[in-house]
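These notes concern the structure reproduced below.
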Amino acid sequence: MKKFLIINTLLFLLILTFKNVEAKDLISFNKGKKLYEIEKYNEAKIFFERDIVFNPKEYKSYLYLAKIFNKTDNDEETEKNLNSVLLLNPNNDEAIYLLILLKIKQSDYDMSAELIEKFSKVCNSFCSKEKEIKFKLDKINPDNE
């Protein structure tokens, strides 16, 4: 009976620990999002990175990091984080949209066209941006020269 009580107590403490970690994850993401919204990008980045440490399969922090790196013109980190989003959530239309814009900026016509095709199939909240990205793609079309 004593063994049973000890095991139950340890199990209970283990569950409490995991619940505490989950709460910290949510707190880190929410703090990062609030800081992002008031344009404190360096501070927000720390909270998103902390969230990823505790919850590496949650795509939202990667998406916000990509947005931060995009604002600071760090294309390499932007792309890396957008690819992480798409690895975890392949149909995330916002990440596809941002990656299309990045590829257009880099004049990567073939990849942009491929992503636009995928975007057309999965768009949900960014469908209104489809004309804009097709217009931008036409500007870099090598066949237009």
Side-chain angles (χ1 to χ4, degrees), residues 6-145:
I6 292 172
I7 291 173
N8 277 343
T9 304
L10 289 174
L11 186 59
F12 178 72
L13 291 173
L14 188 63
I15 290 170
L16 281 179
T17 302
F18 283 124
K19 289 292 182 187
N20 192 24
V21 168
E22 286 177 13
K24 284 182 182 176
D25 293 349
L26 188 57
I27 290 169
S28 292
F29 176 78
N30 287 337
K31 281 185 180 179
K33 188 174 177 184
K34 286 179 182 176
L35 289 166
Y36 176 85
E37 289 169 354
I38 59 173
E39 299 179 5
K40 292 189 174 189
Y41 301 125
N42 287 331
E43 293 92 339
K45 188 172 97 171
I46 293 166
F47 285 100
F48 292 130
E49 288 170 343
R50 183 181 301 164
D51 184 48
I52 288 170
V53 168
F54 289 108
N55 195 6
K57 292 185 180 181
E58 179 54 55
Y59 70 91
K60 292 176 187 171
S61 287
Y62 291 105
L63 182 60
Y64 275 94
L65 282 174
K67 291 177 182 183
I68 289 169
F69 288 120
N70 187 45
K71 288 188 182 292
T72 59
D73 290 323
N74 187 336
D75 292 348
E76 186 178 322
E77 288 296 317
T78 300
E79 186 171 356
K80 184 175 88 172
N81 281 285
L82 288 173
N83 286 331
S84 294
V85 172
L86 294 174
L87 183 67
L88 296 167
N89 184 355
N91 295 330
N92 186 292
D93 59 342
E94 185 176 11
I96 296 170
Y97 170 73
L98 293 172
L99 191 55
I100 291 168
L101 293 179
L102 181 62
K103 290 301 178 182
I104 289 172
K105 177 182 171 186
Q106 296 170 344
S107 298
D108 187 343
Y109 177 81
D110 293 333
M111 181 57 84
S112 299
E114 186 180 313
L115 287 167
I116 287 173
E117 188 176 314
K118 180 178 181 177
F119 181 78
S120 298
K121 293 176 185 174
V122 301
C123 76
N124 187 14
S125 56
F126 281 80
C127 293
S128 63
K129 304 283 189 179
E130 192 169 357
K131 280 186 181 181
E132 170 197 338
I133 54 179
K134 284 182 178 179
F135 177 75
K136 288 181 179 189
L137 181 65
D138 285 343
K139 282 184 164 182
I140 66 164
N141 187 346
D143 295 334
N144 288 344
E145 295 176 354

Closest approach of [X] to [Y] (non-hydrogen atoms, all atoms of both residues):
X    : Y    : result
L98  : L63  : CD1-CD1, 4.1 Å
I96  : V122 : CD1-CG2, 3.5 Å
L88  : Y62  : CD1-CE1, 3.6 Å
L101 : I133 : CD2-CG2, 3.9 Å
I68  : K45  : CD1-N, 3.8 Å
V85  : A95  : CG1-CB, 3.5 Å

With a 4.0 Å cut-off, would you call [X] and [Y] a salt bridge?
X    : Y    : answer
K33  : D51  : no
K31  : E43  : no
E77  : K80  : yes
K118 : E114 : no

Qualifying residues under side-chain hydrogen bond (donor to acceptor under 3.5 Å, both in side chains), relative to K40, sequence neighbours excluded: none
K60: side-chain hydrogen bond (donor to acceptor under 3.5 Å, both in side chains) partners, not counting sequence neighbours: none
Does the side chain of [X] reach to within under 4.5 Å of the side chain of [Y], using non-hydrogen atoms?
X    : Y    : answer
I46  : R50  : yes
K134 : F119 : no
L65  : F69  : yes

Can you tell me how far [atom2] of [Y] sits from [atom1] of [X], rounded to the nearest 0.5 angstrom?
X    : Y    : atom1 : atom2 : value
Y41  : L35  : OH    : CG    : 11.0 Å
I100 : E117 : CD1   : CD    : 11.0 Å
Y59  : E94  : OH    : CD    : 9.0 Å
D108 : L99  : CG    : CG    : 9.0 Å
Q106 : S112 : CD    : OG    : 8.5 Å
E58  : N89  : CD    : CG    : 9.0 Å

Evaluate the side chain to side chain contact (heavy atoms under 4.5 Å, CB included) criterion for residues K105 and D73: first the C-alpha distance (whole Å), next the side-chain angles of each, then the deciding distance (0.1 Å), finally the verdict. CA-CA 11 Å; K105 177 182 171 186; D73 290 323; 3.5 Å; yes
State yes or no: are the ring centers of F48 and F29 separated by less than 6.0 Å? yes
Can you tell me if E76 has over 12 outside heavy atoms packed within less than 6.0 Å of its CD? no
